Amino acid sequence: MSVAAVLSVSTILFSVIDMFGNLPIIIDMKNKGVVIKPSLATITAGALMISFLLFGTAFLSLFGIDVSSFALAGSMILLFIALEMILGIRLFRDQHDQGGSGSIVPLAFPLLAGAGTLTTILSLKAEFDTMNILGGIVINLIIIYAILKSSTWLSKNTPPQVTETLRKVFGIILLAIAIQMAKENLV
């Protein structure tokens, strides 16, 4: 296990999961009466990410898809997510249930462990060791839990300009990652 690799994986996943960008959505859900249980959402998102890390390749092979093709498709998804973050537009639309618990759907899936995150995890397998990816997932799960647990406090104390700036910075990083992944998997 390499500290540099774990930090690289953590940064990539942090950019894709975009907890700061999701914070306004989470706060809006809470304001609409959706109950968010940080532990349940974090454990569910973690289970999805780790399952896809361990069994995603086998799952793809059932459909005759190789990891390189999936990584290229994933780079295109990351490109669109990055454009959303940078340009402030909404390309992907999710249906949010009003009232009740939103810890599993839509929070854990698809908001935290959605197509972009799962695609990224599988794409990272082409470049990083499984233990390094697992370390990056665990670090992000800790961040997810901390932000979910303190989302009410953060909503009151984080200026919108800071949230928007962070979202754009991580969007540019994610765009560069998407381009790099596409270049590596086109050859």
Side-chain angles (χ1 to χ4, degrees), residues 1-23 25-26 36-61 65-82 84-85 92 94 102-151 154 166-167 169-171 173-178 180-182 184-185:
M1 186 179 262
S2 162
V3 173
V6 170
L7 290 176
S8 292
V9 170
S10 297
T11 304
I12 292 167
L13 287 176
F14 185 78
S15 296
V16 175
I17 295 169
D18 188 26
M19 277 307 291
F20 290 115
N22 287 329
L23 192 57
I25 297 167
I26 294 165
I36 295 175
K37 299 175 184 167
S39 298
L40 179 60
T42 304
I43 290 168
T44 304
L48 286 168
M49 288 185 235
I50 292 168
S51 295
F52 212 73
L53 172 65
L54 299 175
F55 306 112
T57 305
F59 179 74
L60 288 178
S61 68
I65 301 169
D66 62 70
V67 175
S68 181
S69 297
F70 194 76
L72 185 57
S75 71
M76 291 162 54
I77 291 173
L78 294 180
L79 173 83
F80 290 121
I81 292 171
E84 279 187 346
M85 294 168 70
F92 298 107
D94 297 321
S103 299
I104 295 176
V105 176
L107 188 55
F109 180 82
L111 204 56
L112 301 175
T117 304
L118 298 179
T119 301
T120 301
I121 288 170
L122 203 56
S123 300
L124 289 170
K125 287 184 79 168
E127 191 175 338
F128 295 97
D129 180 80
T130 300
M131 290 306 292
N132 292 326
I133 299 169
L134 187 59
I137 290 171
V138 169
I139 289 170
N140 275 277
L141 291 174
I142 292 167
I143 294 168
I144 287 169
Y145 179 77
I147 290 175
L148 290 177
K149 193 75 173 161
S150 59
S151 60
L154 286 170
L166 288 172
R167 184 179 178 107
V169 167
F170 281 103
I173 292 169
L174 191 58
L175 181 61
I177 292 166
Q180 180 179 345
M181 282 174 53
E184 290 171 0
N185 289 290

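Worth saying up front: this structure is predicted, and the values here are computed from it rather than measured.
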Novice: Name all residues meeting the side-chain contact (heavy atoms from CB on, under 4.5 Å) criterion together with Val138; count only those two or more places apart in sequence or in a different chain, and write none if there are none.
Specialist: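 By the side-chain contact (heavy atoms from CB on, under 4.5 Å) rule, Val138 matches Ile142.
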
Novice: Using side chain to side chain donor-acceptor pair (under 3.5 Å) as the criterion, list what pairs up with Ser75, not counting sequence neighbours.
Specialist: none

Novice: Roughly how far apart are Phe14 CZ and Ile173 CD1, rounded to 0.5 Å?
Specialist: 9.5 Å

Novice: According to salt bridge (charged side-chain N to carboxylate O under 4.0 Å, His left out), does anything in residues 5-20 pair up with another residue at least two apart or in another chain? List the pairs.
Specialist: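 Pairs touching residues 5-20 that pass the test: Asp18-Arg167.
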
Novice: Could you check whether any side-chain N or O of Asn132 sits under 3.5 Å from a backbone N or O of Met1, counting only pairs where one atom can act as donor and the other as acceptor?
Specialist: no

Novice: Give, for atom CD1 of Ile177 and atom OG of Ser123, the distance between the pair rounded to the nearest 0.5 Å.
Specialist: 11.0 Å

Novice: Per the salt bridge (charged side-chain N to carboxylate O under 4.0 Å, His left out) rule, what does the pair list look like for residues 117-127, sequence neighbours excluded?
Specialist: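 Passing the test, one end in residues 117-127: no pairs.
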
Novice: With sequence neighbours excluded, what pairs up with Ala73 under the side-chain contact (heavy atoms from CB on, under 4.5 Å) test?
Specialist: none

Novice: Please list, chain by chain and in numerical order, all residues satisfying side-chain contact (heavy atoms from CB on, under 4.5 Å) with Ile147, sequence neighbours excluded.
Specialist: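 Once residues adjacent in sequence are excluded, the partners of Ile147 under the side-chain contact (heavy atoms from CB on, under 4.5 Å) criterion are Met19, Phe20, Leu23, Ile143, Leu154.
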
Novice: Once rounded to the nearest 0.5 Å, what's the spacing between atom CD1 of Ile12 and atom OG1 of Thr120?
Specialist: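 With rounding to 0.5 Å, CD1 (Ile12) is 8.0 Å from OG1 (Thr120).
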
Novice: Taking all non-hydrogen atoms of both residues, which atom of Ile139 and which atom of Ser10 are closest, and how far apart?
Specialist: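 Closest heavy-atom pair between Ile139 and Ser10: CD1-OG, 3.4 Å.
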
Novice: Side-chain donor-acceptor contacts of residues 41-59 below 3.5 Å, not counting sequence neighbours, with atom names and distances?
Specialist:
{"unit_1": "Thr42", "atom_1": "OG1", "unit_2": "Pro38", "atom_2": "O", "d": "2.7"}
{"unit_1": "Thr44", "atom_1": "OG1", "unit_2": "Leu40", "atom_2": "O", "d": "2.8"}
{"unit_1": "Ser51", "atom_1": "OG", "unit_2": "Ala47", "atom_2": "O", "d": "2.7"}

Novice: Pairs of donor and acceptor atoms involving the side chains of residues 103-118, under 3.5 Å and at least two apart or interchain, shall be tabulated with distances.
Specialist:
{"unit_1": "Ser103", "atom_1": "OG", "unit_2": "Lys37", "atom_2": "N", "d": "2.6"}
{"unit_1": "Thr117", "atom_1": "OG1", "unit_2": "Leu112", "atom_2": "O", "d": "2.9"}

Novice: Once rounded to the nearest 0.5 Å, what's the spacing between atom OG1 of Thr130 and atom CG of Leu134?
Specialist: 8.5 Å

Novice: Using the test side-chain contact (heavy atoms from CB on, under 4.5 Å), find all partners of Ser69 that sit at least two apart in sequence or belong to another chain.
Specialist: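 Listed in chain order: Ile65, Asp66.
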
Novice: What heavy-atom pair brings Gly135 and Val6 nearest, and what distance separates the two atoms?
Specialist: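 Minimum heavy-atom separation between Gly135 and Val6: C-CG1, 3.9 Å.
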
Novice: Using the test side chain to side chain donor-acceptor pair (under 3.5 Å), find all partners of Gln180 that sit at least two apart in sequence or belong to another chain.
Specialist: Glu184

Novice: List in chain and number order the residues that pass side chain to side chain donor-acceptor pair (under 3.5 Å) with Asn140, two or more places apart in sequence or in another chain; answer none if no residue qualifies.
Specialist: none

